[in-house]
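Worksheet: one structure, shown below.
Lettering of chains follows the sequences in order, A, B, ..., and the numbering in each one begins at 1. Worth knowing before you read on, the calculation uses all heavy atoms, side chains too, and leaves out hydrogens, waters and symmetry mates.
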Amino acid sequence: MIRAMSNDASPPALTADDHLILVDGSTFIFRAYHALPPLTRKSDGLPVGAVSGFCNMLWKLLTEGLTPEKGDEPTHFAVIFDHSSKTFRSDIYPAYKAQRPEPPEDLIPQFGLIRTATRAFNVACIEQEGFEADDLIATYARQAAEMGARVTIVSGDKDLMQLIGPRVGMIDTMKNKIIGEPEVFEKFGVGPDKVIEVQSLAGDSVDNVPGVPGIGLKTAAQLILEFGDLETLLANAHTIKQTKRRENLIEFAEQARISKQLVTLKTDVPVLIPVTDLAVEPVNGPQAVGFLKAMQFTTLTRRVADATGAEVANIEPSEFEIAGWHTPDAKGRQMERGDAAASVDLPDASASPRSTATPADVPAGLMTARALAEARQDEARSLKIDHAAYETVRDLDRLKAWVAEATEAGLVAFDTETTSLDAMQANLVGVSLATRPGRACYVPLGHVDGEGDLLGGGGLVPGQIPLREALDVLKPLLEDAGVLKIGQNLKYDYLLMLRYGVAIGPLDDTMLLSYALDAGKGGNGMDELSERWLGHAPISFKDVAGSGKSMITFDKVAIDKATAYAAEDADVTLRLWRVLKPRLASEAMTTVYETLERPMVPVLARMERRGISIDRQMLSRLSGDFAQGMAAVEADIYALAGETFNIGSPKQLGDILFGKMGLPGGKKTKTGAWSTSVSVLDDLAAEGHELPVRIVEWRQLAKLKSTYTDALPGFINPETRRVHTSYSLAATTTGRLSSSEPNLQNIPVRTEAGRKIRKAFVADKGRKLISADYSQIELRVLAHIADIPQLKTAFADGLDIHAMTASEMFGVPVKDMDPMVRRRAKAINFGIIYGISAFGLAAQLGISRGEAGDYIKMYFQRFPGIRDYMEAVKREVHDKGYVTTIFGRKAHYPDVNTSNPSMRAFFERAAINAPIQGSAADILRRAMVRMEGALAAAGSTAEMLLQVHDELIFEVAEDGVDRAIPVIRQVMETACEPSLRLTVPLQVDARAADTWDEAH
DNA sequence: CCTGCCCCATA
DNA sequence: GTATGGGGCAGGA
């Protein structure tokens, strides 16, 4: 099959019209294995996932080249493999690639199969003793390029990037990504010609290339850019300023040289098969089809047969032996199933399923509630999970039967499977339902064929109900007021289903139940809750979809695996609900859950769905401005430091400031490194040093650029053209929300440069943004909780609270007060909220600990109620393990009684802060829950978009501003009522403008 | 590729 | 001194 041996007439040399494709077979196998669904098996169990990916790629490259356009097809083609692990490199450095782990067991048979596949397609299959595939590729690439031909290397291996040049390109078919000079630069920080220099410094722990300790890619690139190459650098190593680095470069110079030898690919391998012999030959249809048939790759078999005119029906599957493979013991597998089945027989835990949903079932008296809660906890641990008992719902009749069952039961656990964690971009792949423990199903709706997935997707897998028809049956159930929908983190499913025209309700969320009951005791994710309450570890998402780069989307997961995973989620959710829901009554947390948690789900889902517009052009301009600013500052920094270094590396910066320049640094971080935080740099600046000032400037620009102006545009949803954050309802111990992807709760505001970013958050044309924020809400809450007369009076009279504090403490009049005095009082006020310590206050104000301690003493003398409050909270948290907000939310600190004094003090401060921060958070939640209804009732079309802890952002048509603002203020200022009468007024400032910056 | 660390943006 | 999320770097799988 290899035609290289027929050398009677030597084939013509390659020309500029030729195109040589070199496939790196060895790394392909590993990468395909990890990228593809974990278990793609032929009917007899032979694992063929990597082979399938390989054949699809091979066929596509052979017939189309890199792109479907004509004229791109290869004229020459070879697949290159490693021959054995021993190469000239292991002679230079025995450790080289010595720690390679054994390949996974199910991958072993595929090594031989891929070589067989290559030959089946009539493609040259090349390996040579003593040389790695990379060296052969390097040699062929050089030879072909010298003849003027175009070369494409098919690999994702970074070691091959050194070969890239004008005629030599690279493509990573796993990622569908072309790798050219820009990509190399992105990865190594230098062009292809300097890649080996960088690699010899940075090393590579995967291949055991040692490099120089302490030098990573970033630093290596910087050194090479400065010195040009390794030898020049080593010759000038003594001039390197950073002590540790200089020493390492000198000490490990030889190691760097060895590394360079290891990473430099040989371009002069005496190849046994000349490059001219790699000319493409036509695929032998029957031969290729025979192999593909044996592999049971139906789609590709058909495709190749069509293209070659081979008759599939008339071709027998090829027979061949496969090393490392034997048919598994069918009996053994049977046994395994039998064992699992033995535990299937679930007793029907709820004789009357419907009863669990009706309020009548929840006993009125606390003692009975506790008895029920305890019984449920025992039950949960005794009931086992059986994946084999779950049903895959494949037709409309079965789905209708499940809907009927759920309707009859009056409750159903519901979960969606999708293609993305982002509910605004996810497509529905399937839903699962559970009606009682052990009784669950999965309804696949959008699973696709995974076979053609390397260079293009497959079609819908048969045996699935059409999405539209399924939704028509599910919608009435999901919106049925008589059926409780139970989910885990239902905001996700709610938002997703909203996009499919379904508004889920009524609902219960196990994550929020857990959060209301146990905030602070641990996570509220399903896996963790399942472990905690059911003693069961559910199938992990990783097990069905993989992780990292090789992760597949759920629509590519095989339906039987998907059923086990998805139905289990619904089952587990239902079981968790049965444990957690009765605890609400028995622990008197029902009101918290029903007023502060559950109603937030639809409110936040709608906010997230609305999103906010950002001005992409403005951010792009800002990015450019920041980059320019950084470059200018950078030049100053290098001049001041007398050398270049990586400013973004705190380690290197510390070496420069405190090592080389010998500045008095003092502070170390907890790992013993020099601290280079702003406070340290500011101290240095105060002593007249210029460099720290510049560093702080650079840091600010770098932060704004990377975190905001560069990152935010990537979050613009292509469909809505807006940015949709995701709020977490259960991420904090105190009751605050958190925002992520992107985090819109930390958009800059304090500096001028930062506020420019806020200007990029804009109202759509003809509309305005309204920002409404509570003034001093936490201090007001403190005044209320701790019952401090002076503070309450000051708020009632609308005074400047910090000035008043200063006046009380230092006995100075508010009128014409020294700003410094007010600043101190302000810092103390904030310190109180944070559970003040003399240490912290001293750091904040830049005064001595003793002085700070005196301030605190003075404060407590003037406001003894604050000290009493703090002492009371400490007693409470030590006594009960939790503290509560004004609305009854609990924040747990299970480790507060630790014997470690500093840990203990930390938990005490957190416990002091929690009722203050948490009560303010509760107030915000109450306002948010009421807001939409109040606006609608007042005839306002204003839409609530964002929450930032004490601020709400709305968008409304220009002519709707005046109607909206009074409603917003009213709702926010009266948010506590009627449950609670605060003894201080709440004050809300609201403003409308075109941008967030101006509205704020 | 993942994790810990450091630093920093907000309230 | 409280509460978060996230970016860049370096080291170890």
Side-chain angles (χ1 to χ4, degrees), chain A residues 34 99 101 202-206 208 211 213-220 520 547-551 646-654 668-681 695-696 699-700 702-708 710-711 725-728 731-751 753-754 757-758 773-774 776-778 827-845 852 856 870 891 905-918 920-921 924 947-951 1000:
Chain A
H34 292 293
Q99 41 156 36
D204 183 346
S205 52
V206 175
N208 251 359
I215 295 188
L217 276 181
K218 295 280 170 189
T219 311
S547 69
K549 265 198 304 200
S550 63
M551 191 162 73
N646 187 347
I647 308 168
S649 164
K651 194 164 136 233
Q652 296 186 24
L653 178 62
K668 294 274 187 110
T669 65
K670 63 179 164 198
T671 51
W674 294 111
S675 170
T676 63
S677 64
V678 171
S679 65
V680 171
L681 296 179
I695 299 285
V696 171
R699 282 236 184 106
Q700 194 204 14
K703 171 78 176 178
L704 295 177
K705 182 170 186 292
S706 68
T707 309
Y708 302 106
D710 287 351
T725 184
S726 175
Y727 288 104
S728 174
T732 70
T733 308
T734 54
R736 273 193 178 179
L737 304 181
S738 78
S739 155
S740 62
E741 291 173 60
N743 181 354
L744 296 186
Q745 290 181 325
N746 71 345
I747 302 302
V749 69
R750 289 176 196 183
T751 64
I757 292 164
R758 269 194 188 218
D773 69 301
Y774 283 106
Q776 308 285 4
I777 188 168
E778 293 191 345
I828 295 171
N829 276 334
F830 275 100
I832 295 297
I833 290 170
Y834 298 154
I836 205 153
S837 76
F839 186 87
L841 183 63
Q844 177 67 37
L845 285 176
I856 294 171
M870 289 186 161
F906 170 77
F907 288 125
E908 287 171 351
R909 288 193 300 271
I912 288 167
N913 172 255
I916 305 169
Q917 191 185 108
L924 252 290
Q947 191 251 40
V948 192
H949 307 310
D950 67 355
E951 175 187 15
H1000 183 73

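- Across the protein-nucleic acid pair, A:D710 atom CG and C:dG6 atom P stand 16 Å apart, rounded to whole Å.
- Within the 4.0 angstrom heavy-atom criterion, only backbone atoms of the sugar-phosphate kind lie near A:A731; the bases stay farther away.
- Side chain of A:T219 to backbone of A:I215: no donor-acceptor contact under 3.5 angstrom is found.
- With A:R909 contributing its side chain and A:I836 its backbone, the two residues share no donor-acceptor pair below 3.5 Å.
- Within 4.0 Å (heavy atoms only), A:G216 reaches no atom of the nucleic acid at all.
- Taking atom CG on A:L217 and atom C1' on C:dG8, their separation rounds to 13 Å, with Å as the unit.
- Minimum atom distance to the side chain of A:N746 is reached by C:dG5, of the listed C:dG1, B:dC6, C:dG5.
- The backbone N or O of A:Q947 sits less than 3.5 Å from a side-chain atom of A:Q745, completing a donor-acceptor pair.
- When atom types are taken as modelled, the side chain of A:S739 and the backbone of A:L744 share a donor-acceptor pair closer than 3.5 angstrom.
- Summarising the geometry of A:M870 relative to A:G835, their closest heavy-atom pair is CE-CA, 4.3 Å, with the distance given to 0.1 Å.
- At the phosphate of C:dG6, neither OP1 nor OP2 sits under 4.0 Å from any side-chain N or O atom of A:S706.
- Applying the 3.5 Å distance criterion, the base of C:dT4 shares no donor-acceptor pair with the side chain of A:Q745.
- At the heavy-atom level, A:I833 lies nowhere under 4.0 Å from the strands shown.
- Candidate nucleotides C:dG1, B:dT10, C:dG6 were compared by shortest atom distance to the side chain of A:K703, and C:dG6 ranks first.
- Within 4.0 Å of A:A852, counting heavy atoms only, lies no atom of the nucleic acid at all.
- Considering only side-chain atoms of A:Y708, the nucleotide from B:dA9, C:dA3, C:dG5 that sits closest is B:dA9.
- In this structure, of C:dA10, C:dG1, B:dC7, it is C:dA10 that holds the atom nearest to the side chain of A:Q652.
- In terms of phosphate contacts, A:T219 brings no side-chain nitrogen or oxygen within less than 4.0 Å of OP1 or OP2 of C:dC9.
- The CD-C1' distance, from A:E741 to C:dT4, rounds to 15 Å in whole Å.
- In the set B:dA11, B:dC8, C:dA3, B:dC8 carries the atom at the smallest distance from any side-chain atom of A:R699.
- Rounded to an integer number of Å, the gap from A:Y774 OH to B:dT10 C1' is 19 Å.
- The separation between A:N646 atom CG and B:dC6 atom P is 17 Å, rounded to whole Å.
- Between the CG atom of A:N743 and the P atom of C:dG6 there is a distance of 6 Å, given to the nearest Å.
- Residue A:S738 is classed as a sugar-phosphate contact, given heavy-atom separations below 4.0 Å to backbone atoms only.
- Of the candidate nucleotides B:dC7, B:dA11, C:dA3, C:dA3 has the atom nearest to the side chain of A:N913.
- Taking atom CD1 of A:I828 as the reference point, atom P of C:dT2 lies 17 Å away to the nearest angstrom.
- Here the nucleotide nearest the side chain of A:A910, chosen from C:dG1, C:dA3, C:dA10, is C:dA3.
- Nearest nucleotide to the side chain of A:R758, out of B:dT10, C:dG1, C:dA10: B:dT10.
- Of the candidate nucleotides C:dA10, C:dG1, B:dT10, C:dG1 has the atom lying nearest to any side-chain atom of A:Q844.
- Residue side chain A:R736 reaches the base of B:dA11 through a donor-acceptor N/O pair under 3.5 Å, judged by distance alone.
- Between A:I695 and A:L653, the shortest heavy-atom contact is CD1-CD1, 3.4 Å.
- For A:A827, taking side-chain heavy atoms from C-beta onward, the closest of the listed nucleotides C:dT4, C:dG1, C:dA10 is C:dG1.
- Side-chain N/O atoms of A:K218 and base N/O atoms of C:dC9 include no donor-acceptor pair closer than 3.5 Å.
- At whole-Å resolution of the value, CD1 in A:I747 and C1' in B:dT10 are 9 Å apart.
- Counting only distance, with no hydrogens or angles, the side chain of A:T734 and the backbone of A:A914 share no donor-acceptor pair below 3.5 Å.
- Backbone-only contact: A:S739 has heavy atoms under 4.0 Å from sugar-phosphate atoms and none from a base.
- Using a 4.0 Å heavy-atom cutoff across all strands shown, A:R750 reaches at least one base atom of the nucleic acid.
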